[in-house]
Amino acid sequence: MPRPRKRLAGPAGPDKKGPSGKRPKSENPGELSATVELSGSQKTAASNNCGETPSNHWLMKSEPESRLEKGVDVKFGIEDLKAQPKQTACWDGVRNYQARNFLRAMKLEEEAFFYHSNCKEPGIAGIMKVDVQFIRMMKRFIPLAELKTHYQAHKATGGPLKNMALFTRQRLSIQLLTQEEFDFILSLEEKEPS
DNA sequence: GCCAACGTTGGC
DNA sequence: GCCAACGTTGGC
């Protein structure tokens, strides 16, 4: 489970997992340093996304309700992100290979939906930017059930959510969204809950 | 709390 | 490199 944490002020670590060690011991599986956190000021424009390249949009899952995993509470909802210094957190604990590749592919300032998973009401709670910093709450919470309704309709009609990873890659904790998916979900904010 | 989906592990 | 067993994710 991706497990955003309090700021650890780590460098945006290239993760050093060599091919050598097969995998993290089950003893301590978390803490791969696939960190997106950019500590402190982002002085350098270097990795910044200024320029012409269109930026990617993401969806990142986290659990807003308390749950112990090896004695550690993994709770980290959007309110917890807001409560961090600079409203910025370090997104660690991602184990899945593809999710980690996405973490590495992210560029600063790209936007991501903060998705609440494994909880009473799963869905998209807000928006943050890669750094990982809170931007804003959704104007209204967009429940999974509503997204699923659109997904099912779009499968038939060829609408924007027809291939949404949330449904086609069910267990992937970090997902790349198409521009169409991102825009469509944003447009839902303006609508009445369906 | 249950359990389906699905990723990972490890014997062969 | 197959695939059954196992572990995890995450909706319900």
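Lettering of chains follows the sequences in order, A, B, ..., and the numbering in each one begins at 1.
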*Contact class for Tyr115(A) (heavy atom, under 4.0 Å): base, sugar-phosphate, or nothing?*
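Sugar-phosphate: the residue Tyr115(A), judged by heavy atoms under 4.0 Å, touches backbone atoms but no base.
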*Proximal nucleotide (of dG10(C), dT8(B), dT9(C)) relative to the Asn96(A) side chain*: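 Of the candidates, dT8(B) comes closest.
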*asked:* From C-beta outward on Asn118(A), which listed nucleotide comes closest to its side chain: dT9(C), dG11(C), dG7(B)?
replied: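 Of dT9(C), dG11(C), dG7(B), dG11(C) is nearest to the side chain of Asn118(A).
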Starting from [atom2] on [N], measure out to [atom1] on [X] and report it in whole angstrom.
| X | N | atom1 | atom2 | answer |
| --- | --- | --- | --- | --- |
| Gln98(A) | dG7(B) | CD | C1' | 11 Å |
| Glu63(A) | dT9(C) | CD | P | 8 Å |
| Phe167(A) | dG10(C) | CZ | C1' | 13 Å |
| Glu121(A) | dC12(C) | CD | C1' | 13 Å |
| Lys120(A) | dG10(C) | NZ | P | 19 Å |
| Arg67(A) | dT8(C) | CZ | C1' | 9 Å |
| Ile124(A) | dG10(C) | CD1 | P | 14 Å |
| Met60(A) | dT9(C) | CE | C1' | 17 Å |

*asked:* Checking Arg169(A) now: which residues fulfil salt bridge (charged side-chain N to carboxylate O under 4.0 Å, His left out) with it, not counting sequence neighbours?
replied: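 By the salt bridge (charged side-chain N to carboxylate O under 4.0 Å, His left out) rule, Arg169(A) matches no residue at all.
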_With sequence neighbours excluded, residues passing ring-ring contact (aromatic ring centres under 6.0 Å, His included) with Phe113(A)_ =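 Only Phe182(A) meet the ring-ring contact (aromatic ring centres under 6.0 Å, His included) criterion with Phe113(A).
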*Which residues in residues 139-149 of chain A have at least one heavy atom lying under 4.0 Å from any atom of DNA chain C?*
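Heavy-atom contacts with DNA chain C come from Leu144(A), Lys148(A).
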*Establish, with yes or no, whether the OP1 or OP2 oxygen of dG7(B) is under 4.0 angstrom from a side-chain nitrogen or oxygen of Arg95(A).*
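No, no such contact exists.
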*Would you please confirm or rule out a distance under 4.0 Å between OP1 or OP2 of dG10(C) and any side-chain N or O of Lys61(A)?*
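Checking Lys61(A) against dG10(C): at least one side-chain N or O falls below 4.0 Å of OP1 or OP2.
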Which residues satisfy the side-chain hydrogen bond (donor to acceptor under 3.5 Å, both in side chains) test with [X], sequence neighbours excluded?
| X | value |
| --- | --- |
| Ser66(A) | Asp73(A) |
| Glu180(A) | none |
| Lys82(A) | none |
| Gln179(A) | Asp183(A) |

*Got a second to check how far Trp91(A)'s CH2 is from Met106(A)'s CE, nearest 0.5 Å?*
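Going from CH2 on Trp91(A) over to CE on Met106(A), the span is 8.5 Å.
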*asked:* Rounded to the nearest 0.5 Å, what separates atom CD1 in Ile185(A) from atom CD1 in Ile142(A)?
replied: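 So the CD1 of Ile185(A) and the CD1 of Ile142(A) are separated by 8.5 Å.
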Please list, for nucleotides 2-6 of chain C, all pairs of protein and nucleotide N/O atoms separated by less than 3.5 Å.
none

Identify each donor-acceptor pair in which a side-chain atom of residues 149-158 of chain A lies under 3.5 Å from a protein atom, sequence neighbours left out, and give them as a table.
| residue | atom | partner | partner atom | Å |
| --- | --- | --- | --- | --- |
| Thr149(A) | OG1 | Ala145(A) | O | 3.0 |
| His154(A) | ND1 | Leu161(A) | N | 2.8 |
| Thr157(A) | OG1 | Ala153(A) | O | 3.2 |
| Thr157(A) | OG1 | Gly159(A) | N | 3.4 |

